[in-house]
Structure formats: structure tokens, C-alpha cells
Amino acid sequence: MTHRNCGLSSLFAMFFAAPMLSAADPSTAAVPAPASGTVRFDPKDDEKAGVVERYRMPEFAFDYMLTLRHDLRHSGVRVFDLSFPSPIKTAIPENNTVYAELFLPPGEGPFPAAVVLDILQGNALVSRGEAMWLAQHGVAGLVVYMAHYGPRRPPGSSVRLLSMNISHTLDAVKQTVLDVRCAVAWLAGRREIDANNLGIVGTSLGSFLSAIVAANEPRIKNVCLMLTGGGLVDAYYDHPLAKPYTPLIDLVGGKFTMKMLIAPVDPLTYAKQLKGKNLLMICASRDDIVPPKSATRLWEATGKQKILWVDSTHVGAGLYALPVLQAMSDHIRGDK
């Protein structure tokens, strides 16, 4: 979850640079209809599904625009830009529009689909690489930019999703969760998408957000969390990287108070809801960013579902990209 994830981005770039360069003229390919329109988010199942109050929202209608970016002639994958207004308005205008990129497999569908959330670095190399792999293996991948990421951050801005300002971080996470819920509603209404086979994929920081979304979005069935964990305060309080911050934690009331403050963004909080999902965790046995004990704790709390360990550090997990990606796509397709 630190900027050392740039190594992970580089590894993914090597795998996926070639397909992305093989683009045909976008003007020759059709955008699946409708290319624009209105989607209505209906929260009627939220209470029954156990969606917590923080991540609920009233019925919400929003307009969207879908445009073609790439028609990749060798793979048959088409890449589209999607945009729609966020249900939450902030003081930063750029952050109030949700941007996403749809990687659509060749053919007409309907395809299983998954939202894909990026790592902390946020340059979208990892998330795009994962979405490209999914599309090459029969799954539509929708990369959604999290709050204050990519085009949602003004040039030169220092505002990030994660901040020492806990209130800001909680608000940004909430906005991202609601944005992704709207994106899932958009997917569910598309003719080329199988609305009964929707999932989510997240890596590192994106895995924490994906866990929260999956637990609080009834439409999502298949969940793949990579380099993830839960029980964040216990996991990080004694972590060497956290040493500069432990005096601040003690200042605000210690571990107990901090647990209460960040509970809304800790995947462990939603273990009960995640038990009802088809969950795969992919973790690094020597992870130096997300402690392995944190991954084990989340796995146990969510019913000891499928878990895949790779013998690596956090960034070193990129060396296992091919088997990890294969496990991810098999799981998100719903394969047994």
C-alpha cells in the first residue's frame, strides 16, 4: 500500500503493453447501444441484504456517457470510457464526476463482469492490466477511478483518498463505495453484461475498498481480494512502518479509539456479509506491507473460503502475475 507498488505496476506493464499498442482505428468500431442514457439506482434490497447505513443511499438517477477509446485488433478487446456524476458532491469539481474504463471481450455477450479497483499508486497500470486479462478471458472488466484518483484529481493537487485527516479519508471511502455501487447498477442494466454474474477485483488498497463494496452491494457475487487483510489497527500498530505514527494513535486514545474510528473502512467489520459472497483471497506469505497475520484473520472471519498464498513480499507478488491472474479470472467467471 505504499509507493513501492511502482514495481508491481512495472511488472504488469510488461505483460500488457503489447496488446494495448495493437489498436485499430476507433472510428471503425461501434459503441454498444445505448451509448448514453439514464440509470436508476434502486436501493430496495439494501436492508434485506444487510447493507450498513453508511453505505446506503436513496433512489438515485444519473446520466452516463460511453465512448470508444481503443479497438484492439489482435485480442478483439474493445476499451470504452464511461463517465457519470458521483452521488456525492465535494468541494473539488473534478472529483464530482466518476470516470471508468470498460474492457469488453470480443463477441456480443452477455458476459460476466467485474469492477476493478487500483493500488495506492493510482496510475491504473495494475487495474488496467487486470481488466485487460479479464476481457481476454471472457469477463468484462470495469476499471473505476476511486475518489481523488486519476482524472478526479486536479493537476498539482495534493489531495488524496488516504490522508492523516481521518474524516477526509472516511468521506472519500464512502464516496468511492457509493460511486462503485452506481457503476454496478450501470453494469446490471447493460445488454452485453450478465447481470446475474457480477463481481469485483481489488489489489492492495483496492482490495480494502473492494471488500467494503462487496459487503454492501447485493448485486456482487464473486469477489477477489489480492494482497489484502483485516483488523487494520491490530495489524499495523506494531508494524515497523507505523512506528512514526503510533504516538499519534496513543494521543487520540490508543488502539481501542482508533479501531472505533476506522471500523467503517476495515474489511474485518464486514466479515459477516462477506461470508455470503464467493470469495477468493490472494495473499503474500512474506508481505511487508499488509501483514500476513492480517490476511489470515480476515480469511478466518469470512468463513475460511478460498485463499491462495504466494511466497513473496508485497511488491514481489508481481512475479507470480500469470498464475494469480489465471486464478482471478477463473474465480470471477464463477468457475468451480
Side-chain angles (χ1 to χ4, degrees), residues 1 39 41-47 49-62 83-100 115-120 122 127 142-154 157 159-187 200-202 204-220 223 225 228 230-233 252 257-274 277 298:
M1 283 208 330
V39 174
F41 176 85
D42 185 354
K44 66 180 181 180
D45 293 330
D46 279 7
E47 184 173 358
V51 177
V52 300
E53 189 65 35
R54 180 177 185 82
Y55 299 119
R56 294 184 191 180
M57 61 180 177
E59 188 172 337
F60 176 66
F62 59 93
S83 61
F84 58 87
S86 172
I88 291 182
K89 298 296 179 285
T90 68
I92 301 174
E94 291 87 344
N95 188 48
N96 296 334
T97 298
V98 182
Y99 297 93
V115 170
V116 183
L117 299 185
D118 204 16
I119 64 176
L120 175 64
S127 54
L142 183 66
V143 175
V144 178
Y145 284 90
M146 299 180 283
H148 307 293
Y149 266 65
R152 305 183 67 172
R153 180 188 300 157
S157 172
V159 178
R160 300 291 189 267
L161 185 151
L162 288 184
S163 167
M164 291 301 294
N165 183 332
I166 294 177
S167 177
H168 165 82
T169 297
L170 293 176
D171 288 344
V173 169
K174 177 180 178 179
Q175 182 177 21
T176 299
V177 172
L178 298 187
D179 292 342
V180 175
R181 295 200 68 193
C182 289
V184 172
W186 180 83
L187 282 170
I200 192 165
V201 172
S204 194
L205 174 64
S207 75
F208 299 125
L209 275 291
S210 294
I212 301 169
V213 172
N216 292 284
E217 174 46 61
R219 295 179 181 90
I220 290 179
V223 183
L225 306 179
T228 193
L232 302 181
V233 173
V252 298
T257 301
M258 186 59 69
K259 285 180 183 181
M260 295 189 65
L261 286 173
I262 72 165
V265 298
D266 190 334
L268 196 64
T269 303
Y270 308 101
K272 181 179 179 181
Q273 294 98 311
L274 290 171
K277 307 292 181 176
L298 182 63

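All values reported here derive from a predicted model rather than from experimental measurement.
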Given 3.5 Å as the limit, does a donor-acceptor pair link the side chain of [X] with the main chain of [Y], or not?
X: Asp266; Y: Gly230; answer: no
X: Thr269; Y: Ala263; answer: yes
X: Tyr270; Y: Pro264; answer: yes
X: Arg152; Y: Val98; answer: no
X: Thr97; Y: Glu94; answer: no
X: Asn95; Y: His148; answer: yes
X: Arg219; Y: Val184; answer: no

Side chain to side chain contact (heavy atoms under 4.5 Å, CB included) between Val39 and Phe84, intermediate numbers included: CA-CA 10 Å; Val39 174; Phe84 58 87; over 6 Å; no
How far apart are the closest heavy atoms of [X] and [Y], and which atoms are they?
X: Phe41; Y: Ala185; result: CD1-CB, 4.1 Å
X: Phe62; Y: Pro85; result: CB-CG, 4.1 Å
X: Pro267; Y: Ala211; result: CB-CB, 3.7 Å
X: Asp179; Y: Ser86; result: OD1-OG, 2.7 Å
X: Tyr55; Y: Leu178; result: O-CD2, 3.4 Å
X: Ile92; Y: Pro154; result: CG2-CG, 3.5 Å

Side chains of [X] and [Y]: does their closest heavy-atom pair fall under 4.5 Å?
X: Leu120; Y: Arg160; answer: no
X: Asn216; Y: Arg54; answer: no
X: Arg181; Y: Pro87; answer: no
X: Leu117; Y: Val180; answer: yes
X: Val173; Y: Met146; answer: no

If I take atom [atom1] from residue [X] and atom [atom2] from residue [Y], how far apart are they, to the nearest 0.5 angstrom?
X: Leu162; Y: His168; atom1: CG; atom2: NE2; value: 8.0 Å
X: Glu217; Y: Asp46; atom1: CD; atom2: CG; value: 7.5 Å
X: Ile166; Y: Asp171; atom1: CD1; atom2: CG; value: 12.0 Å
X: Leu268; Y: Phe208; atom1: CG; atom2: CZ; value: 11.5 Å

Test side chain to side chain contact (heavy atoms under 4.5 Å, CB included) applied to Lys277 and Ile200, step by step: CA-CA 11 Å; Lys277 307 292 181 176; Ile200 192 165; over 6 Å; no
Side chain to side chain contact (heavy atoms under 4.5 Å, CB included) between Val143 and Asp118, intermediate numbers included: CA-CA 8 Å; Val143 175; Asp118 204 16; 5.9 Å; no
Side-chain donor-acceptor pair present, Gln175, Thr90, cut-off under 3.5 Å: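 On atom types as modelled, these side chains do not qualify, holding no pair under 3.5 Å.
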Atom NZ of Lys272: over 12 foreign heavy atoms under 6.0 Å: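 Check fails, neighbour count at 12 or below.
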Intermediate values then yes/no, side chain to side chain contact (heavy atoms under 4.5 Å, CB included), Lys44 and Glu59: CA-CA 8 Å; Lys44 66 180 181 180; Glu59 188 172 337; over 6 Å; no
Among Val51, Ile88, Ile212, side chain to side chain contact (heavy atoms under 4.5 Å, CB included) partner for Val177: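 With Val177 as partner, side chain to side chain contact (heavy atoms under 4.5 Å, CB included) holds for just one option, Ile212.
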